[in-house]
Participant: 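One structure is given below, represented as C-alpha cells, and several questions about it will come after.
In what follows, every chain begins at residue 1, and chains take the letters A, B, ... in the order their sequences are listed. What you see is a predicted model, and the numbers here were worked out from it, not measured in a lab.
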Amino acid sequence: MREKELRRSMSVLPIGTVMKLTDLTARQIRYYEQQDLIKPIRNEGNRRMYSLNDVDRLLEIKDYLDDGLNISGIKAVYKKQEQLEDERQKNLEKGLTDSDVRKILQDEFMHIGGLKPPSSTFDNPNNFHKFNE
DNA sequence: TTTCTTACA
DNA sequence: TGTAAGGA
C-alpha cells in the first residue's frame, strides 16, 4: 500500500495536462503554487511537473473556493490538517492508536460530566477534531 | 508547440 | 485573474 502512495507523489505531469484534469487556467495553477498550496518540481527545462497528489489538491482547492473560503482560509485548513497529523504521529510513537486515544478521551468525558455521549460520536473519526479545538 | 517570467492602455 | 510580450 506504500507503493501506490509513492507513485501518487511522482511529479510527471506537465501543466497542460493538469489544466485539462482540473479545469483550471495555468495562471491559477501557478498562483496557487505561489501561495504554497502545492509544490510541483521543476524538470531540466525549468518546466513545472505535477503529481497525482497535486492534482487532487488542486481539485480540493477548487471545492474550498466554491465553499467561499479564500486562499488564507485554505492555508489554515491544511495547516490544521498537518497539525492533527503530527499529533496523531506523536500518539503513535507513544504506542497509542487512534482508537486508543478516542477511548481515553471518552473515559475522561464520562468522568467529568457523568454523561455518556453517543458512542457514534467517538467512533466517527470525522468528529475527532471536535475534541481538539 | 508548450511553458516560463514579468508586467499592466 | 486575464492577457500580452519575448525568450527558451
Participant: C:dA8, OP1 or OP2 - any side-chain N/O from A:Arg42 closer than 4.0 Å?
Facilitator: no

Participant: When the distance from CD1 of A:Ile41 to P of B:dC4 is rounded to whole Å, what number comes out?
Facilitator: 13 Å

Participant: What is the distance, rounded to the nearest whole Å, between atom CZ of A:Arg30 and atom P of B:dT6?
Facilitator: 12 Å

Participant: Output the rounded distance in Å from CD1 (A:Ile29) to P (B:dC4).
Facilitator: 9 Å

Participant: In whole angstrom, give the distance that lies between atom OH of A:Tyr32 and atom C1' of C:dG2.
Facilitator: 13 Å

Participant: Just N and O in the side chain of A:Thr25: are any of them under 4.0 Å from OP1 or OP2 of C:dG2?
Facilitator: yes

Participant: Are side-chain heavy atoms of A:Leu58 and A:Leu24 found at a separation under 4.5 Å?
Facilitator: yes

Participant: Would one find a side-chain N or O of A:Tyr31 under 4.0 angstrom from OP1 or OP2 of B:dT5?
Facilitator: no

Participant: Rounding to an integer number of Å, can you tell me how far A:Leu13 CG sits from B:dT3 C1'?
Facilitator: 15 Å

Participant: Flag the pair A:Glu33 and A:Lys39 as a salt bridge only when some basic side-chain nitrogen lies within less than 4.0 angstrom of an acidic carboxylate oxygen.
Facilitator: no

Participant: Nearest whole angstrom, please: distance from the P of C:dA8 to the CZ of A:Arg48.
Facilitator: 17 Å

Participant: Under 4.0 Å between a side-chain N or O of A:Arg27 and OP1 or OP2 of C:dT3?
Facilitator: no

Participant: Applying side-chain hydrogen bond (donor to acceptor under 3.5 Å, both in side chains), run through A:Tyr78 and A:Glu60 and close with a yes or a no.
Facilitator: CA-CA 11 Å; A:Tyr78 289 133; A:Glu60 269 184 31; 2.8 Å; yes

Participant: Taking 4.0 Å as the cut-off, does a side-chain nitrogen or oxygen of A:Arg47 come that near to OP1 or OP2 on B:dT2?
Facilitator: no

Participant: Mind checking who C:dA8 pairs with, Watson-Crick or G-U wobble, both distances under 3.5 Å?
Facilitator: B:dT2

Participant: Hey, are A:Asn46 and A:Arg42 close enough side-chain-wise for a donor-acceptor pair under 3.5 Å?
Facilitator: yes

Participant: Side-chain heavy atoms nearer than 4.5 Å, only ILVMFWY residues, links allowed to pass through others: does that put A:Ile74 and A:Tyr31 together?
Facilitator: yes

Participant: Atom CD of A:Gln34 and atom C1' of B:dT5: how far apart are they, to the nearest Å?
Facilitator: 10 Å

Participant: Could you state the CG-P distance from A:Asn43 to C:dA8, rounded to the nearest angstrom?
Facilitator: 16 Å

